[in-house]
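Structure, as structure tokens:
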Amino acid sequence: MTEHDFIPGAAGELPESGSFRWEAPSNIALVKYWGKKAGQIPMNPSVSFTLHTCSTQTELRCRKSGTPSGTPSFEVFLEGSPAPHFREKIQSFFERILPFQPFLSGYAFEIHTENTFPHSSGIASSASGMAALALGLMDLEQVIYPDMPPEFFHRKASFLARLGSGSAARSVGGNLVQWGAHESVPGSSDLFGIGYPLPVHSVFRSFRDTILLVDKGQKQVSSTAGHGLMQGHPYANARFDQATSRIEALQPILEKGDLQAFIELVESEALTLHAMMMTSSPYYILMKPATLRILEHIREFRESANEPVCFTLDAGANVHVLYPEESHEKVYAFIKDTLLPFCQDGQHICDRVGSGAKRL
Ligand code: PMV
């Protein structure tokens with residue numbers, strides 16, 4: 001498919017108004033995306049677990065507004081209060097998607113959104129938020145083009161979400177999602193995320209992710225600036241090659257349920273992401289002392305208790321502790337006793353692999 005396939009034909013009668021509600025999940029990448037080309041095209045493919053608990057619920061209300069021209073007008077509310085700090089991001093999102101949903105210019109929107117995870121928890125809401133909004137917009141498109149097949153609906157939702165925030169392309173589908181073309185993964189595309197199409201061992205269907213909130217502060221570096229730092233980065237090409245080859249290395253690991261190899265690959269991905277930030281110019285150190293202590297404790301516990309637990313990180317100080325469902329009792333006891341003292345007010349979120357976005 002090409003971008004062109006997402007440009008709709010002439011619209012028929014536009015509905016006067018509508019209201020559409022979606023819940024979209026957050027996701028955590030196993031093979032990370034860091035570095036992009038123009039048009040939110042990733043420098044390497046990535047694969048993520050879809051989460052179950054961390055999500056954004058968005059109600060999109062629309063009404064027809066006068067003569068269509070340019071990007072639509074909109075108001076945005078977070079938990080019922082005006083949220084002007086989201087305006088800029090949503091404005092540029094509308095500008096990017098307008099060629100693919102030209103009917104938007106005839107509408108005024110109200111966007112009401114809330115997250116299941118705490119405010120300023122350091123957990124990015126852009127992936128789940130952009131996916132929930134894109135799905136609402138696809139509901140409107142579906143009213144205008146009623147014959148749209150479900151597979152196209154989901155692909156285009158992921159395509160639009162990607163234009164808002166790259167990793168949002170992976171927040172539509174469930175379980176494991178790949179975004180970014182790789183010759184070994186049938187149907188994979190730089191334009192949208194797809195449900196991981198290769199065999200996956202049952203252990204990964206119920207994996208746990210306990211998210212430790214180490215630092216709830218604002219991001220030090222925006223994603224856009226961070227991706228930009230990969231341009232001209234001395235290790236960029238080696239990193240893109242490494243991530244690309246790991247997409248292939250992950251396949252037998254996922255198929256066989258090889259937890260030892262999973263741990264090695266996933267932890268190295270997290271540390272490599274941070275290594276890229278630490279070696280860019282300017283550099284960023286996003287881990288806190290408590291992050292490092294947690295990583296050390298996870299490794300010690302894994303060796304002493306012989307439990308297949310590992311960590312991964314986003315572009316921040318919080319730690320995602322990943323482990324199989326059947327290790328939950330022992331690992332959660334360890335988390336409570338040893339790791340929660342490193343979290344701000346002991347805060348953490350018990351999450352797990354989830355089944356993808358839902359219409360509400
Ligand atoms: O979607 P963005 O532009 O916010 O990029 C996020 C990238 C990471 O979260 C750091 C890694 C990933 O693949 O999710």
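Counting starts at 1 for both ligands and their atoms, in listed order.
- A salt bridge links Arg239 with Glu269: the distance from a Lys NZ or Arg NE/NH1/NH2 to an Asp or Glu carboxylate oxygen falls below 4.0 Å.
- Put simply, no part of Ala127 is less than 4.0 Å from ligand 1, judged by heavy atoms.
- Atoms of ligand 1 found under 4.0 Å from any heavy atom of Trp34, numbered from 1 in the order shown, are 7 (C), 10 (C).
- Atom 9 (O) of ligand 1 has its closest protein heavy atom at Asp314 OD1, 3.2 Å.
- Contact annotation for Ser167 and ligand 1: heavy atoms of both the backbone and the side chain come within less than 4.0 Å of the ligand.
- The contact set between ligand 1 and Ser165, taken as ligand atoms under 4.0 Å from a residue heavy atom, comprises 1 (O), 2 (P), 4 (O).
- With respect to atom 8 (C) of ligand 1, the closest heavy atom belonging to the protein is Tyr33 O, 3.9 Å.
- The shortest contact between atom 12 (C) of ligand 1 and any protein heavy atom is with Arg170 NH2, 3.3 Å.
- For ligand 1, the atoms sitting less than 4.0 Å from at least one non-hydrogen atom of Ala29 are 12 (C), 13 (O), 14 (O), numbered in the order shown with element in parentheses.
- Both tests do not hold together for Arg96 against Phe93: distance to the six-membered ring centre under 6.0 Å, angle to the ring axis within 45°.
- The distance between the ring centers of Phe342 and His297 falls below 6.0 angstrom.
- The aromatic rings of Phe100 and Phe159 lie perpendicular to each other, with more than 60° between the two planes, well past the 30° mark.
- The shortest non-hydrogen separation linking Asp314 to His274 is O-NE2, 2.8 Å.
- We find that Glu296 and Arg293 are joined by a salt bridge, their nearest charged nitrogen and carboxylate oxygen being less than 4.0 Å apart.
- Contacts of Lys36 with ligand 1, taken as heavy-atom pairs under 4.0 Å, are absent altogether.
- Regarding atom 5 (O) of ligand 1, its nearest protein heavy-atom neighbour is His227 NE2, 3.0 Å.
- A salt bridge (charged side-chain N to carboxylate O under 4.0 Å, His left out) check over residues 128-147, counting only residues at least two apart or in different chains, returns the pairs Asp139-Arg359, Glu141-Lys156.
- A ring-centre distance under 6.0 Å is not found for His154 and Phe192.
- For atom 4 (O) of ligand 1, the closest non-hydrogen atom of the protein is Ser223 OG, 2.6 Å.
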